[in-house]
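Below, chain A is the first sequence line, B the second, and so on; all start at residue 1. For clarity, every value in this text was computed on a predicted model and none was experimentally measured.
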Number of protein chains: 2
Amino acid sequence: MARPTPLSGFPEWLPDGRVVEQHVLDSLRRTFELHGFAGIETRAVEPLDQLLRKGETSKEVYVLRRLQEEGEEPAARGDRAEKQLGLHFDLTVPFARYVLENAGHLAFPFKRYQIQKVWRGERPQEGRFREFVQADIDVVGAGDLPYHYEVELPLVMAEALGELRPVGVPPVRILVNNRKVAEGFYRGLGLDDVEAVLRSIDKLDKVGPDEVARLLVTEAGATPEQAAACLELASISGTDVGVVERVRALAATHDASTDLLETGLEELGALVAAAAERAPGVVVADLKIARGLDYYTGSVYETVLVGHEHLGSICSGGRYDTLASDGANTYPGVGLSIGVSRLVSRLLSVGLVRATRAVPSAVLVAVTDEATRGDSDRVAAALRARGIPTDVAPTAAKFGKQIRFADRRGIPFVWFPAGVTADGTATTHQVKDIRSGDQVEADPATWEPPTEDLWATVVAGEQKG
Amino acid sequence: MARPTPLSGFPEWLPDGRVVEQHVLDSLRRTFELHGFAGIETRAVEPLDQLLRKGETSKEVYVLRRLQEEGEEPAARGDRAEKQLGLHFDLTVPFARYVLENAGHLAFPFKRYQIQKVWRGERPQEGRFREFVQADIDVVGAGDLPYHYEVELPLVMAEALGELRPVGVPPVRILVNNRKVAEGFYRGLGLDDVEAVLRSIDKLDKVGPDEVARLLVTEAGATPEQAAACLELASISGTDVGVVERVRALAATHDASTDLLETGLEELGALVAAAAERAPGVVVADLKIARGLDYYTGSVYETVLVGHEHLGSICSGGRYDTLASDGANTYPGVGLSIGVSRLVSRLLSVGLVRATRAVPSAVLVAVTDEATRGDSDRVAAALRARGIPTDVAPTAAKFGKQIRFADRRGIPFVWFPAGVTADGTATTHQVKDIRSGDQVEADPATWEPPTEDLWATVVAGEQKG
């Protein structure tokens, strides 16, 4: 077998990169659990008809086929034709299905986090990930869901991402808007094709205001004055409730006030006010956030890494009045999703963070000769029993070579077991910090490495540019 | 959308089942890391031609197809035709590919653990899992790999599974054999179609000795006497090095001693001796373990749950002289793989273990009225900042209803924030253990739940039978 080459779009990390990814995942999980979110995991596949209900993403679905199924008699496939299956492209569709399937066993409002891979069969030339990890939180209610969750969830994400700051992750800015504000304003202006307006506004960062104005006229049926008003709304942003007053004043100018707009402004104002107290400076009301054609009905969220805005949003989501419905019941929800692979890929490629070492071991126990490997194993067992990750040298090579073995892996300590030298002298247990060269006598039953050396972890790196 | 039904072969757990699975995964990971194994994760897909190199499993591969790719011009697919991709059916094939792809960046011997889902498109009527989690450890060398790793790896798995005993997982028995013993003995007898002999012996538990004797004659070309000798070898088992002497004596009786047999016996004897010291009673030499047609060349391992032997092996593996090869270098390895989903499924269905609760929260902070929700949020933030998982009540319902909300989720403590009653009386913070009904004054800055209540965890269940 020749040396294989990576598959474009399917990222994999070397062991030290995986230490970084694992740290991010562990840290996110801890924050989610501290906030009471229960972890679930869903299967990787869903029936194809369910995956295709969300029209826009259908072109990205990977469909599965059992290699040998063509050869089978239909009767061999079981009582009924098997459903066609595809890999999930997000964690929202599977979660909605899980809620419906298990509604009788869940307690609502149900708060869950879910950290899994998703797959999107995008065209290869676009250079985008085809397999990546998402970390989602959602709260779903049965019948109704109080507004305060629309305030709580982005703040949980702000905290989760903020917990990564000490290891070098840049600060985040969460941009929030409210669909009711946008829709209420557009309808107040007399523009009823709200989707067409949102679709045009969504292109603002890409094509600029002049082109969006043209699109609003040609695609959304706006007059030049209406288009200008829409762009004025999109230009409003800020971190305090003054934003709400500016939108209200703009609507008054254009005689565009509606009940829907007012409801949306009250919600947006409550979110901004709570965020100003609980995460000062993190949440910014930004009236141009449209979130494309998605099914959001209230708050919408996007998140950028400060200084890396061109990466796009690394954590997005919003409120949907109908996450799922089984006819009898409707389940509204609100949630956000972090693109973990995109985040980790950025952290690694720019060198924002680095792993302290690529292996878990804090200690390598040297082996004097193969006949006394058992002594080394016993030292390792004693250290592990006290929670110290420990490896044993692979061969009884010269100690210099064993030290280099540790050094190449970033293992900070090498342990030399007690024994008897060739001339019959008894030696004691010794442990060497191979970074400083300091070597001291030590007891396997009591010695501890410094806390910061105990496990491989992640620290801020020297940014590469 | 009607209520969806589960897909056969794709297990999913309710939140309390996921607590059990997560505990198993966390515990395995900790043991693997204490032993110095680095965690890696590989993509879910491999090129189909690589997956089909291992003939036996090819019928189980799920092949991927992008839903829209037929519609694309060949030119749109990029410079070269895309490789056909399939989902991996184990973690060994991807690991071998990862080692070759990254050999220049890895330090050998390379010890890795890998915990991921795998997929096998088995026929649905067999009622087997089509998606399941495996937890693998392997050590791979460049060029050579010392024998002591064949002793170490099953002992790591014994320890990893043993760590689950306190939560109700039954004790395990690891059955070991050595391919060199079997092959050396068969060749010493004059049987050269070793694969055919192993294939027959592998059926011993299913079809019994008489049928295996018949197969050995018809399929492996054995005389009745040779067949009887093979069955005699397969009947030998034991936990001490006496096993080695019994095999040696049997070989002498049949004049079947070979150098290969002797090498295998020395290895098997070393394994049994080390295991008797480090994990007494766990490792059993069992000369009938054949591991089918796999590519093992030395030690082979199977693991049963004591009292649940009919489940089959929950952790298997062995030594392979060629895990991977790129022409210039050969990478020998030894590893074992735990079938986590099968294990967890068994633990849950028989009720061997149970989660203490289905949500992470130890505390529910009650909400007196929506106007003072901010006070409840501040209590929750203070508790979370000290690592106490905390939820806040969804609505300002009557306290009785809020307590029932906690009770339904197994949250042990309900916190009543300090405030001012309708008649102007100031009240203090109070926390109630809803199991005992005890309610005490408490300070959000210092109160701690008992350690065993802090996180949802797993305890031994009342077995259902």
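- Residue contact with chain A, scored on non-hydrogen atoms closer than 4.5 Å, is absent for B/R386.
- The minimum heavy-atom distance linking B/R18 with B/W13 is given by the pair N-CB, 3.6 Å.
- Residue B/F37 touches chain A through its backbone alone, counting heavy-atom pairs closer than 4.5 Å.
- Neither the backbone nor the side chain of A/A380 comes within less than 4.5 Å of any heavy atom in chain B.
- With a 4.5 angstrom heavy-atom cutoff, A/P394 touches chain B via backbone and side-chain atoms both.
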Q: Start with the C-alpha gap between A/D26 and B/R29, add the side-chain angles, then the distance that decides, and say whether salt bridge (charged side-chain N to carboxylate O under 4.0 Å, His left out) holds.
A: CA-CA 12 Å; A/D26 288 347; B/R29 173 181 159 196; 2.6 Å; yes

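- The contact between B/F108 and chain A is made entirely by backbone atoms, counting heavy-atom distances below 4.5 Å.
- Between A/K111 and A/E33, no side-chain nitrogen of the basic residue sits less than 4.0 Å from a carboxylate oxygen of the acidic one, so the salt-bridge criterion is not met.
- The cationic group of B/R112 does not satisfy the cation-pi geometry with B/F110, failing either the under 6.0 Å distance to the six-membered ring centre or the 45° limit from the ring axis.
- For chain A, no part of B/L364 is nearby; none of its heavy atoms comes within less than 4.5 Å.
- For a residue to count as touching a neighbouring chain, one of its non-hydrogen atoms must lie under 4.5 Å from one of that chain's; by this rule B/R384 touches chain A with backbone and side chain alike.
- Interface remark: B/D16 contributes no atoms to any contact with chain A (heavy atom separation under 4.5 Å).
- Between B/W119 and A/W119, the ring planes are perpendicular. Angles over 60° get that label, and only those under 30° would be called parallel.
- Proximity to chain A (any heavy atom under 4.5 Å) is restricted, for B/Q116, to the side chain, taken from C-beta onward.
- Neither the backbone nor the side chain of B/I411 comes within less than 4.5 Å of any heavy atom of chain A.
- With respect to A/E131 and A/K117, a salt bridge is recorded, a charged nitrogen being found less than 4.0 Å from a carboxylate O.
- Of the atoms belonging to B/P109, heavy atoms from both backbone and side chain fall under 4.5 Å from chain A.
- Salt bridge A/E277/B/R378: present, at least one basic N to carboxylate O contact under 4.0 Å.
- If you measure heavy-atom distances from B/A358 to chain A, the contacts under 4.5 Å come from the backbone alone.
- Both the backbone and the side chain of B/E41 come within less than 4.5 Å of a heavy atom in chain A.
- Proximity to chain A (any heavy atom under 4.5 Å) is shown, for B/A381, by neither the backbone nor the side chain.
- Residue A/L145 does not touch chain B at all, counting heavy-atom pairs closer than 4.5 Å.
- B/T390 contributes a side-chain N or O that, together with a main-chain N or O of B/I388, makes up a donor-acceptor pair within less than 3.5 Å.
- Both tests pass for A/R409 against the ring of A/F405: distance under 6.0 Å to the centre and angle within 45° of the axis.
- Both the backbone and the side chain of B/V45 come within contact range of chain A, judged by heavy atoms closer than 4.5 Å.
- The minimum heavy-atom distance linking B/P15 with A/Y98 is given by the pair CD-OH, 3.3 Å.
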